[in-house]
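Step one of this worksheet: look at the structure below.
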Amino acid sequence: MEKNIYRLLNEVETDFNEYEEIELSSEEKERHKQRVLMEVKRMRRRAEKDYKKHSTWKKTAVAAAVCAITIGTVGLANSAQAKELFSNVFGKLIENAQGGKYEMEDTERYSKIGENAVAVQEEVDKRQGEDYILTAESNGVSISVSDVYCDGYVLYYTATLQTDREDLKAADGIVLEKKDGEPYNININGIDVAEVIRPFEKSADGTFVAVQQLDPMNPHSVDLSTGSEKPVDLGIDENGTIVVDWTVRELIGNLWDSWDSQGEYQETADVTGEWHLRFPVTVDRSQNETFDINKEENGILVKSGTKTKAGLVLEVELPDFRKEPYNDKYNDPNMGIKDSQGNYLQWLNQKSDLHEDGTCTAQIMVLYDGQKELSFYVDTRDKYQNKIADIGFQVP
């Protein structure tokens, strides 16, 4: 009965102007199974890069209403701006997040990054005569890149997959999982880098969308024969250009709530081909603002902060937590940045330089929306969660 109701709602035309901007807490709107096996595979490749799980079916009219309300809580001040964002790829990503376990986090991230992203076609237009590829087609499938964002610490780009193939259209999502050979590779400024690619999620209009996060702050190359990684220098100049080459070779359609006898996701399709996209991204540090903090507690020093268009980066000096008085044999406490209400700001990226004496210099990036009173909070990663430091600071 529930699905029949939503089929009827899908036929409803939604007017965004009818919805008021009111603040609502994020609640889990439906029970859903977590995609554990895929998470494990991706954690093995790069533990700190995991993607979030979403519900299988998206209720278009209801999601649109929730989207219009939720966007109002993250800085989009009018319905026209909300409609503009909702009409593009970031809007589809926001819609897909509705009803998911990470609805609030995903909506906040996609809204903030989408608000500051630029159309990749604008990037191409600034570089006349260069050879770029924004759409690639093979075996009845088209993949295109639409939006880009880079502040020197993190890089995002959105992608859309369209197809008339019934086997792929039947899927809830399309992943680029390794079966034979390499299903994809990412190349930045001529260097193959180790990055986890998030799946394409089905949108209400039948297209599949994804947003990918690359790591110019802490890039690693990968040896395709061994799978080993090592840090690399991408040679990015101040306010320079990153050229991304993204090659896809295999697309697997999956049903998120169905498994085969081996515990793998039930597949609807396995399509091989070659989709090569090449696009430029400006490293836009024009709005980056660095400020001193220099506050210390219990051996932890918060040196400075940097505001970007969408994020906040803290540079911190950390002790060897294996020693007294911390006694953490893993040297791995919980760390995060809290607002004045004690809520953690959303983690985006991190770079850590471990020194020979066990101490560490780290840069920690979180999503930022203008908060002034913040704190760097550290506690033990065990059932007691004992506080190690709570270092308050102000953002100018």
Side-chain angles (χ1 to χ4, degrees), residues 23-26 48 70 72-75 77 102 104-109 111-113 115-116 151-154 215 217-218 285-328 330-355 357-396:
E23 293 190 6
L24 295 177
S25 61
S26 176
E48 72 270 23
T70 310
T73 72
V74 291
Y102 300 97
M104 181 61 77
E105 294 90 337
D106 287 348
T107 300
E108 181 184 22
R109 185 173 67 259
S111 298
K112 190 64 178 180
I113 299 299
E115 180 183 357
N116 289 281
D151 55 18
Y153 293 99
V154 70
D215 187 3
M217 184 165 71
N218 190 31
R285 296 187 176 97
S286 61
Q287 297 185 38
N288 292 9
E289 178 184 349
T290 299
F291 55 96
D292 292 329
I293 300 175
N294 292 320
K295 297 183 70 173
E296 184 175 1
E297 181 181 335
N298 203 12
I300 297 167
L301 172 64
V302 180
K303 297 178 64 177
S304 63
T306 299
K307 291 188 295 184
T308 76
K309 292 187 297 183
L312 175 70
V313 181
L314 284 191
E315 182 171 348
V316 299
E317 295 288 346
L318 303 173
D320 185 347
F321 290 100
R322 296 170 298 184
K323 299 177 180 179
E324 294 284 350
Y326 319 103
N327 300 315
D328 177 2
Y330 299 108
N331 199 17
D332 185 32
N334 285 312
M335 297 181 292
I337 301 172
K338 290 185 175 183
D339 64 17
S340 58
Q341 284 74 47
N343 302 310
Y344 281 103
L345 275 62
Q346 186 176 165
W347 180 93
L348 290 182
N349 205 358
Q350 180 175 339
K351 177 182 180 181
S352 299
D353 294 321
L354 184 64
H355 308 308
D357 62 357
T359 63
C360 178
T361 300
Q363 290 179 304
I364 298 169
M365 184 177 192
V366 294
L367 197 69
Y368 181 68
D369 196 31
Q371 300 92 333
K372 297 298 183 182
E373 301 288 338
L374 298 174
S375 68
F376 182 63
Y377 191 84
V378 184
D379 61 9
T380 59
R381 194 186 295 272
D382 56 25
K383 63 180 180 180
Y384 304 107
Q385 295 184 310
N386 295 320
K387 184 184 78 172
I388 299 175
D390 188 3
I391 303 173
F393 62 93
Q394 286 191 331
V395 181

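In this text, all values refer to a predicted model and were calculated from it rather than measured experimentally.
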Exercise for the section: Would you name the heavy atoms of T361 and E317 that are closest together and state the gap between them? Expected result: OG1-OE1, 2.8 Å
Problem - G299 versus P319, closest heavy-atom pair with distance - result: O-CD, 3.4 Å
Exercise for the section: For the pair K309 and D151, evaluate salt bridge (charged side-chain N to carboxylate O under 4.0 Å, His left out) and give the outcome as yes or no after the intermediate values. Expected result: CA-CA 7 Å; K309 292 187 297 183; D151 55 18; over 6 Å; no
Evaluate the side-chain proximity of [Y] to [X]: yes if any heavy-atom separation is below 4.5 Å, no if none is.
X    : Y    : value
Q350 : M365 : no
Q346 : V366 : no
I300 : L318 : yes
Y153 : L348 : no
N218 : N349 : no
Y326 : P333 : no
V395 : Q371 : no
L374 : L314 : no

Exercise for the section: Tell me yes or no: between the side chains of T380 and Q385, is some donor less than 3.5 Å from an acceptor? Expected result: no
Exercise for the section: Verify whether one side chain among S375 and D390 offers a donor that lies under 3.5 Å from an acceptor in the other. Expected result: yes
Practice task
Without swapping roles, check the side chain of K372 against the backbone of P396 for a donor-acceptor pair under 3.5 Å.
Solution key: yes
Kindly compute the distance separating [atom1] ([X]) from [atom2] ([Y]), expressed to the nearest 0.5 Å.
X    : Y    : atom1 : atom2 : result
F321 : R381 : CZ    : CZ    : 11.0 Å
N331 : K323 : CG    : NZ    : 9.5 Å
Q287 : T308 : CD    : OG1   : 8.5 Å
F376 : I293 : CZ    : CD1   : 10.0 Å
E105 : W347 : CD    : CH2   : 14.0 Å
L345 : E108 : CG    : CD    : 7.5 Å

Handout entry: Sidechain N-carboxylate O distance under 4.0 Å for D369, K112
Key = yes
Handout entry: Cation over ring face, K295 and F393, 6.0 Å, 45°
Key = no
Problem - By side-chain hydrogen bond (donor to acceptor under 3.5 Å, both in side chains) - contacts of T359 (at least two apart) - result: D357
Exercise for the section: Could you tell me which residues satisfy side-chain hydrogen bond (donor to acceptor under 3.5 Å, both in side chains) with Q341, sequence neighbours excluded, listed by chain and number? Expected result: none
